[in-house]
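For reference, the structure is listed below as structure tokens.
Keep in mind that the numbers below use all heavy atoms, side chains included, and drop hydrogens, waters and symmetry copies.
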Amino acid sequence: ITNELNRRELGVALLAHPVMAVRRDLDGDLIEVANEAGPRARRESLMHIEIDRQTDADGGDPGTLDALAAALTRVLAEVRMAVEDWRPMRQACLDAVDDLAPGRAEDFDELTHFLQWLEANHFTFLGHRRYRYLDDAEAAGGLRYEVMPGSALGILRRDEARLFDEGVGGGEAMGRFARGPGRLLIVKTDRRALVHRDGAMDCVIVKTYDSDGRATGEHRFAGLFTSTAYHAMAADVPLLRRRVARVIARAGFDPNGHDGKTLGAILDSYPRDELFQIDDETLFDHAVGILQLLERQRVALFARRDPVGRFASCLVFAPRERFDAALSERFAAILQAAWGGDVLSVTGSGSTNSALVQALYVLRLRAPDAPTPDLAALEGMQQAAPAHQQVARDDQRQPERAQRRDLFPQHEDGERERENDVGLARGPREVCADRLVRPVVAIAAPQEVQTASHRQPENLGPCEREKRPPLAEDRHEQRK
């Protein structure tokens, strides 16, 4: 309820949420409020909310209250459907393990553990459907998806309910997954959740197999990962633990060494939604790039398109002393122009002790088939930070400069010359930091990965090896 009010930017003056015993007739109409619950009165949760007056006299839209009433009715209907089918949806999640068994592969046990982990209160189930694959040459991807009777649960009970926009849920990308070797896929839906919390819903897609091991269809679970899923260590989450272990093993660092421990911390603090959806190759490029970035303060971008091509996730690092709301808006504008999309959310994460700020920009692309932007289109981000810092520094120094002019007018010309030569009141570290601001960009598109030079030292040429910032293991070897 409060999420819907916030979406409509309606201020709440009072919110009361008592649980009371009430009596109702057979039609559900209220008879009385009882003193206590019993055979004839049951406990119900009530909400009393007061918002700013919405009338013509106050300049409000006369249709606001009607639209609000319709929206709250829709929210309550979805809450009711999700609660009523909560247990059947959890059971469907466990049943999906049996439907995976005929297509048993080496990752079957890990997928089983992941589905059991979801069911154990790590996923808020809001809807479920089971689909059957049918060959159809006229359909996108050559497949048609048929809902199996009786499988629709929760908010997906209604036939008109859709998780994806037209042409996406059964489009080319989904067809590639259906015909490919993958058995489980996690993506964000095009629909925002009305229940639990505001945000795009997650969709966990699990294939089903016949006795011959052929893919026959899929389960689709719609909902949201719970807070415990976000706060758990990656090493304790099925599916993620193996993904992280493969990246660490491929990097070849000593797990007990400086770089090995740092890489593990990077992966554990990586945005959890991204960690659920990203592929191993892209994660490796991003993680090693972030590890190299930590050696120096500079602006960096690590980007990924979701498998269906509707969203772009842009993980931006910037020096903490330069990052504020104004600079974040500049970054958002640059990303929107480059990707041809709209920023849906900006989420900050990472350690507050780090010299770098980490912010995740999620963009909704206006055209799913739009090409991935080239690196040159995103280079404006590295100029935005120094320029923004200089403007902010000038504003902060104006009172100080005025005071110095009043006290020492004879030194005004000399001071101006020094400012023009080396930058206003900047020490050597600040000047060097500006010169080091260079974009480190890794962009991953579905089925295609384009990266900056985040390769292992043995794969670098002599010139590249000289330019690469030394890792801890390299410095140790040099000292020896």
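Ion pairing between R192 and D198 holds under the 4.0 Å rule for side-chain N and carboxylate O. Ion pair E110/R183 not flagged as a salt bridge, since none of the NZ, NE, NH1 or NH2 atoms sits closer than 4.0 Å to an Asp/Glu carboxylate oxygen. A salt bridge links R364 to D190: one of the charged nitrogens lies within less than 4.0 Å of a carboxylate oxygen. A salt bridge is defined here as a Lys NZ or Arg NE, NH1 or NH2 lying under 4.0 Å from an Asp or Glu carboxylate O, and R144 with E138 fails to meet this definition. Between E4 and R8 a salt bridge is recorded (basic side-chain N to carboxylate O distance below 4.0 Å). Using a 4.0 Å cut-off between charged side-chain N and carboxylate O, K207 and E218 make no salt bridge. With respect to K188 and D273, a salt bridge is recorded, a charged nitrogen being found less than 4.0 Å from a carboxylate O.
Across all non-hydrogen atoms, the minimal contact from S328 to V346 is OG-CG1, 4.1 Å. Residues P307 and L185 approach most closely at CG-CD1, 4.1 Å, considering heavy atoms. Counting all heavy atoms, side chain and backbone alike, C203 lies closest to R220 at SG-CB, 4.1 Å.
Side-chain contact between P319 and V299 is present, with at least one heavy-atom pair separated by less than 4.5 Å. Residues L239 and L111 are in side-chain contact: their nearest non-hydrogen atoms beyond the backbone lie under 4.5 Å apart. Contact of the H113 side chain with the R241 side chain is registered, since non-hydrogen atoms from C-beta on lie closer than 4.5 Å. Annotation: side chain of F317 is not in contact with side chain of V357 (no heavy-atom distance under 4.5 Å). Between L115 and L100, some side-chain heavy-atom pair lies under the 4.5 Å cut-off. Looking at F323 and L356, their side chains never come closer than 4.5 Å, going by heavy atoms from C-beta outward.
Here the CD1-OG1 distance, from I266 to T262, works out to 6.5 Å after rounding to the nearest 0.5 Å. For the atom pair CZ (R162) and CG (L156), the distance works out to 9.5 Å, reported to the nearest 0.5 Å. The distance from atom CG of L283 to atom CG of L267, rounded to the nearest 0.5 Å, is 5.5 Å. Atom-to-atom distance recorded for M201:CE and L194:CG is 7.5 Å, nearest 0.5 angstrom. Rounding to the nearest 0.5 Å gives a distance of 12.0 Å between CG of L153 and CG of L126. The distance from atom CZ of R74 to atom CD1 of I155, rounded to the nearest 0.5 Å, is 11.5 Å.
For R197, the salt bridge (charged side-chain N to carboxylate O under 4.0 Å, His left out) test picks out no residue, with sequence neighbours left out. Not counting sequence neighbours, the partners of F225 by the ring pair (Phe, Tyr, Trp, His ring centres under 6.0 Å) test are F123, F276.
For the pair R157 (side chain) and H128 (backbone), a donor-acceptor distance under 3.5 Å is absent. For D268 (side chain) and A234 (main-chain N/O), a donor-acceptor pair under 3.5 Å exists by modelled atom type. Between the side chain of H122 and the backbone N or O of W117, at least one donor-acceptor pair lies under 3.5 Å. Judged purely by atom type and a 3.5 angstrom limit, D306 uses its side chain to pair as donor or acceptor with the backbone of R310. Side chain of R129 to backbone of A152: no donor-acceptor contact under 3.5 angstrom is found. Without hydrogens or angle criteria, R272 side chain to A229 main chain gives a donor-acceptor distance under 3.5 Å. Checking side-chain atoms of H286 against main-chain N and O of F284 turns up no donor-acceptor pair under 3.5 Å.
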Item to complete: Show your working on side chain to side chain donor-acceptor pair (under 3.5 Å) between D285 and T282 and close with a plain yes or no.
Response: CA-CA 5 Å; D285 289 323; T282 306; 5.7 Å; no

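Note on ring orientation: taking the six-membered ring where Trp is involved, the planes of Y131 and Y145 are perpendicular (angle over 60°, cut-offs 30° and 60°).
In the displayed structure, D236 atom CG is contacted under 6.0 Å by more than 12 heavy atoms of other residues, nucleotides or ligands. Atom CD of E160 has more than 12 neighbouring heavy atoms from other residues, nucleotides or ligands inside a 6.0 Å radius.
For the side chain to side chain contact (heavy atoms under 4.5 Å, CB included) criterion with P271, the lone passing option out of I278, V362, L315, T347 is L315.
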